[in-house]
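Okay, structure first, notes after.
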Amino acid sequence: MSFFDHLKEAVPSFFTRWKESLAEFKHLQTVVFCGLMAALAVVLGYVASIEIGQYIRVGFSGLPNQVVSYLFGPAIGSIFGGVLDVLKWAIKPTGPYFPGFTLSAFLAGLIYGGFFYKRPVSVWRIFAAHALVTVIVNIGLNTYWLVLLYNRVASVILPMRILKNAIMLPIDTFITYVILKAVDRVIVPQLRHLRMQRSKG
């Protein structure tokens, strides 16, 4: 399937997946796993983040959010993303708190969950999700927030942000594909087993 095929199939079933995702909150394993992923994201933010100037940051702390969105859907993925943004800022402030970036993190989780939840892991699906997040969130909203925060002209910072995101898009797609394949092979069976044990108990 092509990029546009995945884009079209993600929209009609989104609200159904949102309700299914909310139902994931009833499982204790969901809350515990999200806590572990939040801790991992904070650690990755410290040790696996490279800042290029004031406006560009290359890091891998977003991977836990993608894993959570894949396992538990758009509702939990978006809430996790928003809460995690506030948590990371509280632990390591990189400037004044700005709710726009929390909204961006919320939307990213929403998009990833809409594309990934209860769907097979495929390169095209992952590329489509990353492309949408790149255009709407990274290049669109986050650039706008930076313009508001630092009183900069968008044309000054936009070219570098477009270049950085264009370079990172295939790299992020590959990394996410490898990670989600591993999650599908190792973590998903464990979660199913734990839930079966809990239902029997």
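The basis for the numbers below is simple: all heavy atoms, side chains too, and nothing from hydrogens, waters or symmetry mates.
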So do [Y] and [X] actually touch side chain to side chain, heavy atoms under 4.5 Å?
X      : Y      : result
Leu149 : Phe101 : yes
Ser104 : Tyr144 : no
Phe116 : Ile126 : yes
Tyr117 : Glu24  : yes
Phe127 : Leu169 : yes
Gln29  : Gln190 : no

So, taking the atom named [atom1] in [X] and the one named [atom2] in [Y], what distance separates them when rounded to the nearest 0.5 Å?
X      : Y      : atom1 : atom2 : answer
Asn138 : Asp172 : CG    : CG    : 8.5 Å
Tyr177 : Arg125 : OH    : CZ    : 11.5 Å
Ser69  : Phe115 : OG    : CZ    : 12.5 Å
Leu141 : Ile136 : CG    : CD1   : 8.0 Å
Thr134 : Lys164 : OG1   : NZ    : 8.0 Å
Leu63  : Met37  : CG    : CE    : 10.0 Å

Q. Taking it one step at a time, do Phe72 and Phe80 satisfy side chain to side chain contact (heavy atoms under 4.5 Å, CB included)?
A. CA-CA 10 Å; Phe72 308 123; Phe80 178 86; over 6 Å; no
Identify the heavy atoms of [X] and [Y] that sit nearest to each other, and give their distance.
X      : Y      : answer
Leu84  : Ala41  : CD2-CB, 3.5 Å
Pro74  : Gly114 : CB-N, 3.8 Å
Ala105 : Asp85  : CB-CB, 3.9 Å
Val68  : Cys34  : CG1-SG, 3.9 Å

Check whether [X] and [Y] end up in the same hydrophobic cluster, where Ile, Leu, Val, Met, Phe, Trp and Tyr are linked by side-chain heavy atoms less than 4.5 Å apart.
X      : Y      : answer
Trp145 : Trp89  : no
Ile139 : Leu148 : no
Ile162 : Val133 : no
Ile76  : Ile187 : yes
Val31  : Leu71  : no

- Between the side chains of Thr176 and Tyr70, does any donor sit under 3.5 Å from an acceptor?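 Absent: no donor and acceptor within the cut-off.
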Next item on the list: Say whether, by atom type as modelled, one donor and one acceptor occur between the side chain of Thr102 and the main chain of Gly82 under 3.5 angstrom.
Entry: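 No, the answer is negative, given that no donor and acceptor are paired below the 3.5 Å cut-off.
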Notebook entry, point to check: Can any side-chain N or O of Ser21 pair as donor or acceptor with the backbone N or O of Arg17 at less than 3.5 Å?
Noted result: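 Side chain of Ser21 to backbone of Arg17: no pair is present.
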Check: Of Val183, Ile179, Leu180, which meets side chain to side chain contact (heavy atoms under 4.5 Å, CB included) against Val121?
Finding: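 The residue from Val183, Ile179, Leu180 that satisfies side chain to side chain contact (heavy atoms under 4.5 Å, CB included) with Val121 turns out to be Leu180.
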Discussion item. With a sphere of 6.0 Å drawn around OH of Tyr97, does it hold more than 12 non-hydrogen atoms of other residues, nucleotides or ligands?
Written reply: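 Buried by this count: over 12 neighbours within 6.0 Å.
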